[in-house]
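Notes for the one structure printed next.
Throughout, residue positions are numbered sequentially from 1 according to the sequence presented. Keep in mind that what you see is a predicted model, and the values were worked out from it rather than measured.
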Amino acid sequence: MTASTLHEPAQRMSELASLIRHHDHRYYVLDDPEIDDAEYDALFRELRTLEERHPELADPDSPTRRVGGEASRAFRPFAHSLPMYSLDNAFSLEEWQAFAARLAKALPGEDLAFWVDPKLDGLAVEVVYEGGRFVRAGTRGDGVTGEDVSPNLRTVRNLPLRLDARGGVSNLPDLLEVRGEVIMRGEDFARLNREQADAGRKTFANPRNAAAGSVRQLDPKITAERPLRFYAYGIGLVEWPEGATGWVRQQDILNGLWALGFSVPEHSRLCSDPGDVERHYADVARLRESLGYEIDGVVAKVNSLAQQQRLGATARAPRWALAWKFPAGQAVTRLLDIQVQVGRTGVLTPVAILEPTALSGVTVSRATLHNEDEIRSKDLRLGDMVVVQRAGDVIPEVVAPVLEERSGKEREFVFPQICPACGSPATRLPGEAAWRCQNMACPALLRQSLIYFVSKAGLDVDGLGRKWVEILVDKGLIQTPADIFRLRQEDLLALDRMGPKLAGNLIAAIDRARNQADLTQVIRALGIRHVGAQTARVLADHFSDLDALAQAPQEQLLQLPDIGPEVAVSIQGFFSNPDNQRLLGELRKLGLWPREDNRGTHQEPDSPFVGKRVLFTGSLSGLSRTQAQNLVEQAGGTVVSNVSKRVDFVVVGADPGSKLAKARELELKILDDTEFIRMVEQGELS
Ligand code: IVH
């Protein structure tokens, strides 16, 4: 081999890498590709082939490395060199003007210009470059320490791995910490959720959760498949080479980052004074629904870095920046129909079917109506134009009808008194808001309880999501939880879109559940009324197996922590039902019968509210008390109303009562409503 043939692949590889980098930037950042996908793929394949042939020449920053490296078992901590602050918020024009007035007072007689950009709703990360090369990336975390998500960020397509000085930047910083937001666009989010649902995997509640969940994946190969984008809005530490002139205005930072190859938020501009910021706020608000991704306000930053420095920061947020939020996302659309769904416990839940409408970046076509009384008290009629809102990213809800739009043709909705799924009479018990189907054999109930049985809240059978359970039920392959353990690979292979690999994985996951589920999980999975994660754990701690639990007299149950008469009656009712006894007998025969030796080893789903006591005081913005309580209970927590040392979290809204003072005295953990919502969503991420 001559020197020149050795030299050639190296040269071609570096040529290809820089071509691909160039086309990535055209495609992902400028949105203006110069070549078509086939030509791009050809370059990519050529580079990959060369790298396979000459692994010793492969560059760690090669564009082919975006496919994701090794999975890690946990994230390492990522220390920020400079704190990543949060932002103070304004919710009204007055609050913005008060902020501007404070600045004017702090900097008397000085011109105050602002750089204003949209506030993107995603996950904040910091990406570090040394000598123009991507070296690591971390989440914001608590602002001082985050999680090291380097392999994951490496897979984000519009994030440059190598910085090139383009248009106007003659110098590359030796060290550059870039801060920005990882987001998912609305259409990418919708596609991802469709794919997740088709594959029987969990779907995400909103684009922010999808983005955050994708960044915080232990396996970067999964992140690589997620359509993430990074938008740079600021910097941390920067070190320039000798003699270089750095950035002196926020405006320079953004232009500089753009020139280095980063995507920066669209619709950002320099505003000459506070009044100009007001105009820009209104402009961005008008554009909001057409952007294709979610924003929840604008961020106004003092443009001069010298002024920023003099203003400084509080412990939480800089004094030179403010997030001016838009009001909670609302839209007006037509109420086409109200459908009634049957849940696992037989509760009939009305759901509004809406003419699809854009709401904070996603299309909304259904919204919850909670129960019969809610429809009546809001006076909703079929055909009404209605106000819908997504507040704090909770499931959309119908706020009220627009009375001025009524034509007289609207029809009143009569709540069905028979179950829409099985036709048997529904009942509404005194003191309850819900109508219920009481027929234990109701197909809707069975279907929901099967879905629950294998879900994360139950046995957690990997890959066996709602979609597949529905298909298995429809094909007559399963009717009871026991049938799941009788499934054979041949049964699955007969289904559409099921290949040998997926079928094998499902059977293996079912076997794993059979062999590894602990008593807590099995009790949870049975779906006994009033027995959630916390109660299931208490029961598993006290009984050696399901037999022992089934035979426990009421007095014994009542002595256990957290178990009151209602729960005890429900447990006994469950185990004395002959159908349930038959089911337990079958499960035992099929090998799903954990005993005390492996009890309690399973990790609960990681909602921070599992088993915790939560107290609310004051009114929460955008969430009714009932909604908030439901969220806590769904996450495995309990809502309490008395302040005591045993309370784990106190959630404080506007105008809190005396409970807040007492909570402070007892040094309880206090959350505001935003922190609360974030924590609720945290449980949905993984
Ligand atoms: S500047 C010191 N600009 O908002 C200023 N933040 O509520 C730091 N965010 O953690 C932030 N879009 O994740 C800034 N254009 C933008 C932003 C933005 C979204 C997020 C960021 C931060 C959070 C604070």
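Close placement of the F609 and F676 rings is indicated, their centers lying within 6.0 Å of each other.
Checking side-chain atoms of D648 against main-chain N and O of K612 turns up no donor-acceptor pair under 3.5 Å. A donor-acceptor pair under 3.5 Å is absent between the side-chain atoms of T617 and the main chain of P656, judged by distance alone. One N or O on the side chain of K659 and one on the backbone of S641 form a donor-acceptor pair closer than 3.5 Å. With D483 contributing its side chain and T480 its backbone, the two residues share a donor-acceptor pair below 3.5 Å. Checking side-chain atoms of N580 against main-chain N and O of N577 turns up no donor-acceptor pair under 3.5 Å. For N193 (side chain) and F204 (main-chain N/O), a donor-acceptor pair under 3.5 Å exists by modelled atom type. Of the possible donor and acceptor atoms, none in the side chain of T368 sits under 3.5 Å from a partner among the backbone N and O of E397. A distance-only check finds no donor-acceptor pair linking the side chain of T145 to the backbone of F78 [under 3.5 Å]. Put simply, the side chain of R514 gets close to the backbone of L590: a donor and an acceptor are under 3.5 Å apart.
For the pair V351 and L369, the minimum side-chain heavy-atom distance is 4.5 Å or more. Residues E294 and P207 meet the side-chain proximity criterion, which asks for heavy atoms closer than 4.5 Å. A heavy-atom distance below 4.5 Å is not found between the side chains of T535 and R524. Counting only heavy atoms from C-beta outward, the side chains of D462 and N505 never approach each other to under 4.5 Å. Proximity of V632 to T638: side-chain heavy atoms (C-beta onward) are nowhere separated by under 4.5 Å. Under the 4.5 Å side-chain criterion, counting only non-hydrogen atoms from C-beta, L539 is in contact with L560. No side-chain heavy atom of R191 sits under 4.5 Å from any side-chain heavy atom of F189. Counting heavy atoms from C-beta on, the side chains of F75 and V149 come closer than 4.5 Å.
A salt bridge between E147 and R216 is present, with a side-chain N of the basic residue lying under 4.0 Å from a carboxylate O of the acidic one. Between K221 and E225 there is no salt bridge, since no side-chain N of the basic residue sits under 4.0 Å from a carboxylate O of the acidic one. Electrostatic pairing of D547 and R588 counts as a salt bridge here, judged by a charged N lying under 4.0 Å from a carboxylate O.
Applying the side chain to side chain donor-acceptor pair (under 3.5 Å) test to E675 and every residue at least two apart in sequence or in another chain returns nothing.
Here L558 contributes atom CG and I563 contributes atom CD1; the two are 8.0 Å apart, rounded to the nearest 0.5 Å. With values rounded to the nearest 0.5 angstrom, Q521 atom CD is found 9.5 Å from L592 atom CG. Distance CG/L526 to CZ/F575: 6.0 Å, rounded to 0.5 Å. With values rounded to the nearest 0.5 angstrom, L487 atom CG is found 12.0 Å from W468 atom CH2. In this structure, OG in S455 is found 10.5 Å from CD in Q448, a value given to the nearest 0.5 Å. With rounding to the nearest 0.5 Å, the separation of CE in M184 from CG in N209 is 10.5 Å.
Of all heavy-atom pairs spanning V342 and C437, the tightest one is CG1-CB, 4.5 Å. The two residues R664 and I670 come nearest to each other via the heavy atoms CG-CD1, 3.8 Å. Between A525 and F453, the closest heavy-atom pair is O-CD1, 3.3 Å. Residues P416 and L348 approach most closely at O-CD1, 4.3 Å, considering heavy atoms. T349 and H370 make their closest contact through CG2-O, 4.0 Å (heavy atoms, listed as atom of the first residue, atom of the second, distance). V347 and A434 make their closest contact through CG1-CB, 3.7 Å (heavy atoms, listed as atom of the first residue, atom of the second, distance).
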Next on the checklist: Before you tell me yes or no, could you show the steps for I353 and R366 under side-chain contact (heavy atoms from CB on, under 4.5 Å), namely the whole-Å CA-CA distance, both residues' side-chain angles and the distance that decides it to 0.1 Å?
Outcome noted: CA-CA 5 Å; I353 307 300; R366 301 159 74 81; 3.6 Å; yes
- Task: May I have the step-by-step check of side-chain contact (heavy atoms from CB on, under 4.5 Å) for V647 and V614, ending in yes or no?
- Result: CA-CA 6 Å; V647 172; V614 183; over 6 Å; no
*How far apart are the C-alpha atoms of D198 and R497, what are their side-chain angles, what is the distance that settles it, and do they pass the side-chain contact (heavy atoms from CB on, under 4.5 Å) test?*
CA-CA 9 Å; D198 285 351; R497 287 206 285 182; 3.7 Å; yes
**Message:** Apply side-chain contact (heavy atoms from CB on, under 4.5 Å) to residues V522 and L459 and explain how you reach the verdict.
**Reply:** CA-CA 6 Å; V522 177; L459 285 192; 4.0 Å; yes
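Aromatic ring pairs are classed by plane angle as parallel below 30°, tilted from 30° to 60° and perpendicular above 60°; the pair F415 and W435 is parallel.
Around atom CD of E586, more than 12 heavy atoms belonging to other residues, nucleotides or ligands sit under 6.0 Å away. Within a 6.0 Å radius of CD in E667, no more than 12 heavy atoms belonging to other residues, nucleotides or ligands are found. Within a 6.0 Å radius of CZ in R486, more than 12 heavy atoms belonging to other residues, nucleotides or ligands are found.
Sequence neighbours left out, the pairs with a member in residues 552-581 that pass salt bridge (Lys or Arg N to Asp or Glu O under 4.0 Å) are D562-R613, D579-R582. Residue pairs meeting the salt bridge (Lys or Arg N to Asp or Glu O under 4.0 Å) criterion with at least one partner in residues 415-433, sequence neighbours excluded, are E372-R428, D373-R428, E432-R436, E432-R529.
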